[in-house]
S.K.: 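Below you'll find the structure I mean.
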Amino acid sequence: MAAPTMRAHGGVTVVLRGVAKSYDGIPVLRGIDLDVRAGELLAILGQSGQGKSVLLRQIIGLEQPDAGEIVVGGIPLPRYLALPPDEKPFRIAMVFQGAALLASLTVAENVALRLREHGRHTEAEIAAITRQALEQVELGDAAGKYPGELSGGMRKRAAIARALAIDPELILYDEPTADLDPILTEQIGELIRRIRARRGSTQIFVTHNLPLARAIADRIAVLDGGRIVECSTPAALAASRVPITREFLRAAGFDAAGARPEA
C-alpha cells in the first residue's frame, strides 16, 4: 500500500456570531461577527493588545467564548471538538507565534509528534508524511536538526510543516512573521500563499503588518475595540474612511490611493 500523502482539498467555512470574551471582568472581544469563505486566505489586522490572538484561541477551541457562536465547516465548534478524532470530518491546525517547538526533539520529530499521538499511521507512513511536509516548507535538509540550531525563519517554517503534517482544511497563524526581518517576512508570506495554491486550505492569520496582509490576503478584517470594524479586499481597504484603518495605512506609508509614494 502506498504511503498517504498530503492532498489538495477545499477548505472549510468559519462563521462567528456575537463572540465575546472577557478576562477578570475586562472585555477583550465585544461581539465578533465574521464570515470566512472556504479556501479563503484572510488576514485579521489589529494593533497589539486588541485581542487578535484571543480571537484565534476561540476559533481553535483552546478557550470557550463567554457568549456567541462559532461554526466551522457547518458544525458548531463545541460539537466538532467533542467528536472522536476518527470521526472529525476535517482537521484544524494552528501555528503559534513562538513556533512552540519542543527543544528536546529534532525538527522531524516535532513535525511527526501529532501524527504519533493520533496513532493512525505506521512509522513508514509518518516518515513519508513528515518528509513531504518539510519539503513543502523547504526544510528537507534540516530534519535531523534541533530547534536551537535553527534560525528564526526556519523555526517558523518548521512550525508550519508541523501544521501541514495533519493535512488540515483550516490553518490558523498567530503573528506568523513576528520578530522576522523584512526579507524573511516576505518569504513566510509567500509560503502561506503557496500553501493555499497547492492545498486549498482555508487560512486565517492575525498580524499588525499591513504590507504583509495587503500582499497575500484575499480580504483583510480590521479588529479594533473588540469588534471587527470592517472587512474588505486589500484594494478596497485603501479607500477606507475608518480611523484605525487610515492610521495603519498612514503608518505603513500608503497614500490616499493605497499606493506607496516613490522615494
Side-chain angles (χ1 to χ4, degrees), residues 13-37 40-60 63 65-71 94-97 171-182 184-186 188-189 192-193 196 202-263:
T13 58
V14 181
V15 178
L16 291 83
R17 291 290 180 268
V19 173
K21 185 67 177 180
S22 297
Y23 299 96
D24 298 324
I26 301 174
V28 177
L29 305 179
R30 298 172 179 266
I32 298 290
D33 293 317
L34 184 64
D35 292 84
V36 186
R37 302 158 186 160
E40 183 171 26
L41 179 46
L42 179 81
I44 299 176
L45 180 72
Q47 294 177 295
S48 298
Q50 287 296 313
K52 301 187 301 297
S53 298
V54 172
L55 180 55
L56 286 192
R57 292 200 295 269
Q58 313 309 302
I59 295 173
I60 202 171
E63 296 179 355
D66 300 329
E69 182 182 37
I70 301 173
V71 178
M94 183 164 174
V95 179
F96 294 92
Q97 181 172 335
I171 309 175
L172 308 175
Y173 303 85
D174 188 1
E175 294 280 6
T177 62
D179 303 321
L180 299 184
D181 63 45
L184 290 176
T185 292
E186 184 175 359
I188 294 296
I192 293 171
R193 186 155 53 183
R196 197 273 294 276
T202 303
Q203 297 183 88
I204 303 173
F205 69 98
V206 302
T207 186
H208 58 264
N209 188 323
L210 178 59
L212 172 69
R214 283 173 54 93
I216 70 173
D218 297 314
R219 289 188 301 154
I220 301 171
V222 181
L223 178 64
D224 186 51
R227 294 183 175 87
I228 299 296
V229 294
E230 65 178 321
C231 185
S232 63
T233 65
L237 204 73
S240 172
R241 306 319 305 168
V242 174
I244 186 62
T245 305
R246 296 307 313 167
E247 277 296 301
F248 269 108
L249 290 164
R250 181 198 59 76
F254 292 100
D255 63 22
R260 275 179 161 162
E262 295 294 332

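As the structure is a computational prediction, the values presented were derived from the model and not from experiment.
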S.K.: Are the charged groups of Asp35 and Arg219 less than 4.0 angstrom apart, N to O?
M.R.: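 Salt bridge between Asp35 and Arg219, a charged N being under 4.0 Å from a carboxylate O: no.
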S.K.: Would you check, one step at a time, whether the test salt bridge (Lys or Arg N to Asp or Glu O under 4.0 Å) holds for Arg227 with Asp33?
M.R.: CA-CA 8 Å; Arg227 294 183 175 87; Asp33 293 317; over 6 Å; no
S.K.: Measuring from atom CG of Asp218 to atom OG of Ser232, what distance do you get when rounded to the nearest 0.5 angstrom?
M.R.: 12.0 Å
S.K.: So do Val15 and Ile70 actually touch side chain to side chain, heavy atoms under 4.5 Å?
M.R.: no
S.K.: List the steps and the verdict of side chain to side chain contact (heavy atoms under 4.5 Å, CB included) for Leu29 and Gln58.
M.R.: CA-CA 10 Å; Leu29 305 179; Gln58 313 309 302; 3.9 Å; yes
S.K.: Quick one: does any side-chain atom of Thr177 pair with a main-chain N or O of Leu180 as donor and acceptor, under 3.5 Å?
M.R.: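 Answer holds: no.
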S.K.: Side chains of Glu230 and Thr245, heavy atoms from C-beta outward: is any pair under 4.5 Å?
M.R.: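 A side-chain contact under 4.5 Å exists here.
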S.K.: How far apart are the closest heavy atoms of Ala217 and Pro234, and which atoms are they?
M.R.: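 Closest heavy-atom pair between Ala217 and Pro234: O-CG, 3.4 Å.
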S.K.: Return the CD1 to CD1 distance between Ile228 and Ile32, rounded to the nearest 0.5 Å.
M.R.: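 Ile228 atom CD1 to Ile32 atom CD1 measures 4.5 Å (nearest 0.5 Å).
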S.K.: Looking only at atom types and distance, does a side-chain atom of Arg214 sit under 3.5 Å from a main-chain N or O of Leu237, one as donor and one as acceptor?
M.R.: no
S.K.: I need the minimum non-hydrogen distance between Ala252 and Leu210, along with the two atoms involved.
M.R.: CB-CD2, 4.2 Å
S.K.: Report yes or no: do Gln50 and His208 form a side-chain donor-acceptor pair below 3.5 Å?
M.R.: no
S.K.: Mind checking side-chain contact (heavy atoms from CB on, under 4.5 Å) for Glu186 and listing every partner two or more places apart, or none if nothing turns up?
M.R.: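 Checked Glu186 against side-chain contact (heavy atoms from CB on, under 4.5 Å); zero matches.
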S.K.: Is there side-chain contact between Leu45 and Phe248, with heavy atoms separated by less than 4.5 Å?
M.R.: yes
S.K.: Can you tell if the side chain of Thr202 reaches within under 4.5 Å of the side chain of Leu41, non-hydrogen atoms only?
M.R.: no
S.K.: Does atom CG of Asp66 have more than 12 heavy-atom neighbours from other groups under 6.0 Å away?
M.R.: yes
S.K.: Flag the pair Val222 / Ile244 as yes when at least one side-chain heavy-atom distance between them is below 4.5 Å, and no otherwise.
M.R.: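 The answer is yes, as the side chains (C-beta and beyond) meet within the 4.5 Å cut-off.
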S.K.: I'd like to know if the side chain of Lys52 and the backbone of Asp174 have a donor-acceptor N/O pair within less than 3.5 Å.
M.R.: no
S.K.: From Glu40 CD over to Arg196 CZ, what is the distance, rounded to the nearest 0.5 angstrom?
M.R.: 8.5 Å
S.K.: What pair of heavy atoms forms the shortest contact from Ser22 to Pro27, and how long is it?
M.R.: OG-CA, 3.3 Å
S.K.: Look up atom CD1 in Ile220 and atom CD1 in Ile44, then write down how far apart they are to the nearest 0.5 Å.
M.R.: 11.5 Å
S.K.: Does the side chain of Leu56 reach to within under 4.5 Å of the side chain of Met94, using non-hydrogen atoms?
M.R.: yes
S.K.: Nearest 0.5 Å, please: how far is CG in Leu55 from CD1 in Ile204?
M.R.: 8.0 Å
S.K.: Output, in order, the C-alpha distance, side-chain angles, deciding distance and verdict of salt bridge (Lys or Arg N to Asp or Glu O under 4.0 Å) for Arg57 and Glu63.
M.R.: CA-CA 6 Å; Arg57 292 200 295 269; Glu63 296 179 355; 2.9 Å; yes
S.K.: My understanding is that only residues two or more places apart in sequence, or in another chain, count here; which of them pass side-chain contact (heavy atoms from CB on, under 4.5 Å) with Val28?
M.R.: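 Per chain and number, Val28 pairs via side-chain contact (heavy atoms from CB on, under 4.5 Å) with Tyr23, Val54.
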S.K.: Checking Ser53 against Gln97: is there a side-chain donor and acceptor pair closer than 3.5 Å?
M.R.: no
S.K.: Minimum heavy-atom separation for Thr207 to Glu175, with atom names?
M.R.: CA-OE1, 3.4 Å
S.K.: Any non-hydrogen side-chain atom of Ile192 less than 4.5 Å from a side-chain atom of Gln203?
M.R.: yes
S.K.: List the atom of Gly189, the atom of Leu212, and the distance in Å for their closest heavy-atom pair.
M.R.: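 Looking at all heavy atoms of both residues, the closest pair is CA-CD1, 3.8 Å.
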S.K.: So do Leu34 and Leu42 actually touch side chain to side chain, heavy atoms under 4.5 Å?
M.R.: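 They are in contact (side-chain heavy atoms under 4.5 Å apart), so the answer is yes.
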